[in-house]
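Contents: one structure, followed by commentary.
The shown structure was predicted, so the numbers you read here are calculated from the model rather than taken from an experiment. First the proteins, then the strands, lettered A, B, ... as listed; each starts at 1.
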Number of protein chains: 2
Amino acid sequence: MTRARPMRADARRNYERLLTAAAEAFAEHGEGASLDDIAKRAGVGSGTLYRHFPTRQALLEAAYVDRVEAFAVRADELGARLPPGEALVAWLNELCVGTLQVRGMKALLGSAVTDGAGRAVPACATSVKDAAARLVEAAQREGTLRADVEPMEVLRLAHGLASAAELVGGDGGCGSIRRYVTLLTEGLRPAR
Amino acid sequence: MTRARPMRADARRNYERLLTAAAEAFAEHGEGASLDDIAKRAGVGSGTLYRHFPTRQALLEAAYVDRVEAFAVRADELGARLPPGEALVAWLNELCVGTLQVRGMKALLGSAVTDGAGRAVPACATSVKDAAARLVEAAQREGTLRADVEPMEVLRLAHGLASAAELVGGDGGCGSIRRYVTLLTEGLRPAR
DNA sequence: ACCTGAACACCGTTCAAGT
DNA sequence: ACCTGAACACCGTTCAAGT
């Protein structure tokens with residue numbers, strides 16, 4: 001961990017402003033929001049944005065860390081309250097809905113579970129992965145989840161379900177999430 | 001159907017050139033390939049590109065119609081050769097692999113199964129949907145597919161699986177497709 | 001009827017000059 | 001040490017002028 005030396009007062013202020021402006025802009029225009037516009041909203045030169053956040057993804061991550069961490073916390077809450085199998089399903093539902101409700105979140109979580117060679121994995125990825133691992137392993141011990149699935153697979157499939165639900169018109173797909181999670185859980189084979 | 005009056009010779013030539021150039025560019029740079037670059041490759045003014053293809057999606061579709069139709073044909077081939085349930089699974093595998101192998105195809109097929117209010121549905125969507133419907137219904141009659149799933153759901157889920165597999169590094173996800181299709185087919189519950 | 005390409009607006013990124 | 005904003009390269013889109 002690089003220990004952050006405290007920032008100069010104006011730098012810290014600009015940093016905060018950029019985060020606020022970014023959260024607004026991403027919410028309005030999604031992942032592709034104009035960086036120039038974000039700098040303008042923050043009342044900051046565009047160079048300052050690049051100084052603090054060298055890539056779009058770095059900014060996206062910084063703006064959404066809290067929400068991502070909240071997913072991890074939520075996993076443990078559900079894990080404490082429900083039987084493991086139910087907890088996992090409930091969490092997947094919430095994760096997918098959150099993915100679709102917060103614009104730009106899908107891209108961020110997607111990059112968190114990507115393992116391409118040259119890709120930058122956001123720092124917040126670890127907490128989600130660990131949270132998923134705890135739920136997955138508990139459900140497997142309970143015997144309600146296939147023993148051969150890995151936490152990363154589950155997270156990638158969740159990303160896939162969100163992508164699938166996104167194609168449904170109306171409320172941006174949130175209404176279809178439950179259905180798709182059920183289909184994945186139970187499988188496409190007929191119930192016996 | 002709008003009956004197309006034959007194009008002027010130069011128009012037809014430009015149209016063809018644009019399609020070739022577009023196929024090349026999309027293959028190299030994916031869905032977001034520069035339109036200006038495509039016009040340049042085709043040796044055509046940028047206005048001409050817009051005349052023939054008012055939107056990026058229109059161009060993408062025109063460049064890939066043949067491949068999309070091939071998916072539909074392939075569905076019937078598999079349907080004739082295999083038991084319905086197996087045919088569906090085999091087709092989903094091929095569909096997902098094709099989605100990932102041909103750059104830009106995922107976006108095109110995605111828009112084909114989207115039913116957002118203002119979205120333009122590509123014309124080639126019908127043949128894929130019909131093909132999927134034939135496989136789905138046959139498998140349901142056979143009893144190897146849940147009776148309550150609709151063809152569109154299956155297509156959207158296939159899109160989702162492709163998105164999930166895409167997150168795996170290496171060969172662009174093709175190697176993971178079979179696994180993900182299996183997980184969807186059998187479900188995440190343990191085998192009994 | 002169709003084509004061309006300049007013109008415009010917009011965006012990402014860099015960097016010299018400033019404090 | 002950090003900020004600013006002009007400068008550059010690039011892209012999508014339109015449209016007046018041309019054939």
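The side chain of A:His52 places an N or O atom within less than 4.0 Å of a non-bridging phosphate oxygen (OP1 or OP2) of D:dC3.
Within the 4.5 Å cutoff, the side chain of A:Arg51 has no heavy atoms near those of the A:Leu18 side chain. Using a 4.5 Å heavy-atom cutoff, the side chains of B:Arg156 and A:Tyr180 are in contact. The shortest side-chain heavy-atom distance between B:Glu142 and B:Glu86 does not fall under the 4.5 Å cut-off.
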Begin from the C-alpha positions of A:Val181 and A:Val89 and carry the test side chain to side chain contact (heavy atoms under 4.5 Å, CB included) through to its verdict. CA-CA 7 Å; A:Val181 170; A:Val89 170; 4.0 Å; yes
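Taking a pair as Watson-Crick or G-U wobble with both distances under 3.5 Å, the runs of three or more consecutive pairs in DNA chain C are C:4-8 with D:12-16, C:12-16 with D:4-8.
Listed by residue number, there are no residues of residues 16-25 of chain B with a heavy-atom contact under 4.0 Å to DNA chain D.
The environment of A:Arg146 atom CZ is dense: over 12 non-hydrogen atoms of other residues, nucleotides or ligands sit within 6.0 angstrom.
Residue B:His29 contributes atom NE2, which lies 13 Å from atom C1' of D:dC10 at whole-angstrom precision. What separates OH of B:Tyr50 from P of D:dT13 is a distance of 4 Å, to the nearest Å. When rounded to the nearest whole Å, the span between CZ of A:Arg8 and C1' of C:dT19 equals 8 Å.
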Using a cut-off of under 3.5 Å, enumerate the N/O to N/O pairs linking the protein to nucleotides 4-7 of chain C.
residue : atom : partner : partner atom : Å
C:dT4   : OP2  : B:Gly45 : N            : 2.9
C:dT4   : OP2  : B:Thr48 : OG1          : 2.9
C:dG5   : O6   : B:Gly47 : N            : 3.2

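For A:Asp10, counting side-chain heavy atoms from C-beta on, the closest listed nucleotide (C:dC2, D:dG12, D:dC3) is D:dC3.
Within the nucleic acid shown, A:Arg56 comes within 4.0 Å of sugar-phosphate atoms alone, with no base atom in reach, counting heavy atoms only.
Using a 4.0 Å cut-off between a side-chain N of Lys or Arg and a carboxylate O of Asp or Glu, B:Asp36 and B:Arg41 do not qualify as a salt bridge.
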